[in-house]
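Data first, discussion second: the structure below is written as structure tokens.
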Amino acid sequence: MPRFITELKRTHTCGELTKADLDKEVVLFGWVHNRRDHGGAVFIDLRDREGLTQVVFEKDVLPEVHETAGQLRLEYCVGVRGKVAARGANANPKLRTGEIEVHASDLEIFNRSEPTPFQIEDRLETSEEKRLQYRYLDLRRAPLQKALMTRARVNHLTRNYFTESRFLELETPFMVKYTPGGARNFLVPSRLNPGKFYALAESPQLFKQLYMIAGFDRYFQIVRCFRDEDLRLDRQPEFTQIDVEMSFVEQNDIFDVMEGLVCRLWKEVLGVEIPRPFQRMPFQESMTKYGNDKPDLRFDLPHIDITELVRRNGGGGVPMLKDAVEAGGIAKALRVPASMSFSRTEIDKLEEYVKGMGAKGLARAKVGEAGDWTQSPLAKTITPELRQSINAACGAQAGDLVLFQFGKPSTVHTVLANLRVHLAKKHGLIPEYGSNGQWRFLWVVDPPLFEYDEEAGVWAAAHHAFTRPHDEDVQYLESDPGRVNCHRYDLVLNGFEIGGGSIRLHDPAVQARVFKAMGISDDDARSKFGFLLDALKMGAPPHGGIAIGMDRLCMLLTGAESLRDVVAWPKTQKGTDLMTGAPGEVETRQLRELYVKSTHEPR
RNA sequence: GGGGUGUUAGUUAAGCUGGUUAUAACGCCGGCCUGUCACGCCGGAGGCCACGGGUUCGAGUCCCGUACACCCCGCCA
């Protein structure tokens, strides 16, 4: 028998043989995905990343090969040589290769497999904990193989797209100087510089700007970023960005380039045409109507701001509303149409749900035929005037349910934003996961430059300190920082922020005023960003850019339920790797060498 | 730091208001089977019910704590 690999080379993958290949002598390599042993005939589904092919071993034809085939078990890694034969009436329409099968003449078992901890099936039947522990087995499953293949394709298409348009793929360091603000950095102790630390870059932000100042004009990079923050379904501590920066551009130029990329990806990967230009929405409108800056526009259910109505009606006879608004809070309503009827129990569950987000409760009102309210803690005392105003503002009809939140703006927004999506999922307006074939891209634009940091009592950069304010707002930098909007933009898809960027502030004079408004002294600014401030003074071109969350984009593109399904080797919610056990302990000797001492005794 | 859900054979699950020997499917082992493709049939092995306390005559089941996983809030310019 000729030897596989050295003499018999692979001729095809397991996903490509069709009736066009009848009678061909082929060599396949792969894993035993399924076996059906009938005694005289053994059927094997051979699997590689491209698909499945049925291989048949018959006792009558070649007893020795049939004998070896009898030893095969799931996940054995094998090589097969044989002839492609038609399956005729026995064709399997579920398989791409179902019209044919391979009649084996040679079989080599490269490696046996112990029974795997879980079965390698397309259907998800295993806890995520086990999947992560044996990630290399989980990655054998077709859905994950497809997801990673899509991811590879996105990388490839992205490189082509940018390279075609004069962009240069340039690299930036991972080990950088710590700069305050923004996400927590992972720190790397420096052995050569006792007591000092590198930070792992949370993004290439400053370096890509310096590339512009250096004259590279158009930069992109598919780059890993690191952030030491708590994990979520769509957040991993290390993740990949499609990072872009361009000189001599305004916001619309960036949008053009990025819409071009996204449309190409959706066309090439899904065969879907996305209409351009993408919808745009001011930040303020997004907050008012949806409570956050990443609204899912696949359904409506907008929030109604009733703060002004409450104020105008002097509280409208409801002490809770009155107090909340007088204390500087806001009041908002969410109208749930009668068609989405909720039982009392379900509403109580919703109340528990919102309490978990810091809500004090979930005031509600069932709207009657005459616009009256029942089943409501507000109904008894509210003035008819305020009730009618709210009904009108919400467009409430008989049978509708109106839900309320009032108090601190950030809590009201968070609660109602999540509630809106929660209700939509519960009523099938959008699926629990995936796109439902609806792709609602949106640019959220013109947010405020500063956010008021209540704890610190200062204005802080909402994005980063180098975002360009709107020219017409620059005059308010000192007098009213809160009303200064800026050239920043987020790309949103179906309720996920998949990218964000800004036009940068390249004017040193305005830059100085921004720092001042943030309470950062010249000395402070110098010590933190001195190199960039210097650079901005030496002929920095107008420039701007954006970064796309590549993992999130792949998650949405593939319909994955979580980022972990498009990341090959993800971390758990506590940031651990269940396969390798990272992070792990190290010897005291290693720490000493780094001039580092742990204050925590590991258990 | 906070809220929620979960943890029972290798895997996925069932196990009611506490009660005698903890079920099933798939996988695994042995046997039979030449057209299966979720192959079928017969037989078998396999369990610190996550861990630690408590209540009780008696705990997989009730209570408290811990760990781990997942979802969310905070956090993520």
Side-chain angles (χ1 to χ4, degrees), chain A residues 33-45 52-61 66 70 73-75 85 87-95 97-98 101 113-134 137 179-185 202-203 205 225-237 239 349 352-359 410-411 414-415 417-419 421-422 432 447 449-451 453 455 460-467 486 488 490 497 500-502 518 549 561-562 564 571-574 576 578 603:
Chain A
H33 187 67
N34 193 8
R35 88 192 159 96
R36 297 171 291 280
D37 187 344
H38 285 234
V42 175
F43 298 90
I44 295 293
D45 290 334
L52 295 174
T53 299
Q54 172 162 292
V55 183
V56 192
F57 306 87
E58 287 182 300
K59 198 174 194 170
D60 294 350
V61 184
H66 173 267
R73 295 293 180 273
L74 299 186
E75 298 310 312
R87 286 175 66 175
N90 291 318
N92 182 352
K94 290 184 208 157
L95 287 187
T97 61
E101 63 192 5
S113 172
E114 289 180 12
T116 48
F118 52 87
Q119 283 157 260
I120 314 302
E121 296 170 319
D122 294 3
R123 230 176 78 205
L124 208 46
E125 267 205 0
T126 313
S127 71
E128 187 143 20
E129 207 169 342
K130 278 283 176 301
R131 293 173 51 203
L132 291 172
Q133 191 182 345
Y134 300 97
L137 294 179
T179 49
R184 241 176 241 115
N185 291 90
E202 63 186 65
S203 79
Q205 184 61 44
C225 302
F226 306 88
R227 293 182 188 175
D228 186 10
E229 295 293 346
D230 285 11
L231 284 73
R232 287 282 188 284
L233 175 139
D234 60 349
R235 277 163 35 187
Q236 281 278 310
F239 61 99
K349 268 192 193 151
E352 289 310 308
Y353 171 71
V354 297
K355 278 182 175 170
M357 289 182 282
S410 57
T411 306
T414 298
V415 167
N418 283 297
L419 190 57
V421 174
H422 187 77
E432 191 68 29
L449 181 61
F450 301 110
E451 266 166 9
D453 182 336
E455 272 179 40
H463 188 49
H464 72 114
F466 298 92
T467 301
C486 63
R488 179 194 148 200
D490 282 344
E497 183 199 317
S502 64
M518 292 167 56
E561 292 184 10
S562 123
R564 293 184 298 277
K571 306 279 191 287
T572 69
Q573 194 153 57
K574 283 192 74 185
T576 65
L578 292 180
R603 255 167 294 188

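Lettering of chains follows the sequences in order, A, B, ..., and the numbering in each one begins at 1.
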[X] [atom1] - [N] [atom2] separation (whole Å):
X        : N      : atom1 : atom2 : value
A:Leu578 : B:rC68 : CG    : P     : 10 Å
A:Lys349 : B:rU5  : NZ    : P     : 11 Å
A:Asp490 : B:rC76 : CG    : P     : 15 Å
A:Lys571 : B:rA69 : NZ    : C1'   : 16 Å
A:Arg36  : B:rC39 : CZ    : C1'   : 7 Å
A:Glu58  : B:rC33 : CD    : C1'   : 14 Å
A:Tyr134 : B:rG10 : OH    : P     : 11 Å
A:Asn418 : B:rG2  : CG    : C1'   : 15 Å

Pairwise [atom1] distance for [N] and [M], with rounding to whole Å:
N      : M      : atom1 : answer
B:rG47 : B:rU8  : C1'   : 8 Å
B:rA59 : B:rU17 : C1'   : 14 Å
B:rG52 : B:rC68 : C1'   : 15 Å
B:rC39 : B:rC32 : C1'   : 14 Å
B:rA25 : B:rG4  : C1'   : 30 Å
B:rA38 : B:rC49 : C1'   : 29 Å
B:rC57 : B:rA69 : P     : 39 Å
B:rC37 : B:rG27 : P     : 13 Å

**Message:** Between the base of B:rG35 and the side chain of A:Glu101, is there a donor and acceptor pair under 3.5 angstrom?
**Reply:** yes

**Request:** Give a yes or no on whether a donor-acceptor pair under 3.5 Å exists between the nucleobase atoms of B:rU12, that is its base, and the side chain of A:Arg123.
**Result:** no

Partners meeting ring pair (Phe, Tyr, Trp, His ring centres under 6.0 Å) with [X] (sequence neighbours left out):
X        : answer
A:Phe43  : A:His38
A:His33  : none
A:Phe118 : none

Report the base-pairing partner of [N] (Watson-Crick or G-U wobble, both distances below 3.5 angstrom), or none.
N      : answer
B:rA50 : B:rU66
B:rC41 : B:rG31
B:rA22 : none
B:rC75 : none

At under 4.0 Å between heavy atoms, what does [X] touch on the DNA or RNA strands: base, sugar-phosphate, or nothing?
X        : result
A:Glu497 : nothing
A:Arg564 : sugar-phosphate
A:Lys355 : nothing
A:Thr411 : nothing
A:Thr179 : nothing
A:Glu129 : sugar-phosphate

**Item:** Closest-nucleotide 5' rank along RNA chain B - winner of A:Gln205 and A:Ser127
**Value:** A:Ser127

**Request:** Using the closest heavy atom to pick a nucleotide of RNA chain B for each, name whichever of A:Asp37 or A:Thr414 lands nearer the 5' end.
**Result:** A:Asp37

So which nucleotide from [options] ends up closest to the side chain of [X]?
X        : options                : value
A:Leu74  : B:rC73, B:rG27, B:rA69 : B:rG27
A:Leu132 : B:rC70, B:rU11, B:rC28 : B:rC70
A:Lys574 : B:rC37, B:rC68, B:rG35 : B:rC68
A:Arg184 : B:rC75, B:rG35, B:rC70 : B:rC75
A:Asn34  : B:rG27, B:rA38, B:rC72 : B:rA38

Taking only side-chain N and O atoms of [X], does any of them lie within less than 4.0 angstrom of OP1 or OP2 on [N]?
X        : N      : value
A:Lys130 : B:rG10 : no
A:Gln573 : B:rC71 : yes
A:Arg87  : B:rU36 : no

**ring centroid sep under 5.5 Å plus plane angle under 30, A:Phe118 with B:rU11** = no

**Asked** With centres under 5.5 Å and planes under 30°, do A:His38 and B:rU36 count as stacked?
**Response** no

**Inter-residue atom distance A:Glu128.CD - A:Gln133.CD, 0.5 Å rounding** = 13.0 Å

**Complete:** Rounded to the nearest 0.5 angstrom, the OH-OG1 distance for A:Tyr134 and A:Thr116 is 10.0 Å

**Message:** Checking A:Arg232 now: which residues fulfil salt bridge (Lys or Arg N to Asp or Glu O under 4.0 Å) with it, not counting sequence neighbours?
**Reply:** none

**Item:** Sequence-distant partners of A:Ala460, side-chain contact (heavy atoms from CB on, under 4.5 Å), two or more places apart
**Value:** none

**Prompt:** Can you name the nearest heavy-atom pair linking A:Val42 to A:Asp37, along with the distance?
**Reply:** CG2-OD1, 3.5 Å

**Asked** Does NZ in A:Lys571 sit with more than 12 non-hydrogen atoms of other residues, nucleotides or ligands closer than 6.0 Å?
**Response** yes

**Message:** If you count heavy atoms of other groups shown closer than 6.0 angstrom to CD of A:Glu432, is the number above 12?
**Reply:** yes

**Request:** Please test A:Arg36 against A:Gln54 for side chain to side chain donor-acceptor pair (under 3.5 Å), starting from the C-alpha separation and ending with a verdict.
**Result:** CA-CA 10 Å; A:Arg36 297 171 291 280; A:Gln54 172 162 292; 2.9 Å; yes

**Proximity to RNA chain B (any heavy atom under 4.0 Å), residues of residues 226-235 of chain A only** = A:Arg227, A:Glu229, A:Asp230, A:Arg232, A:Leu233, A:Arg235

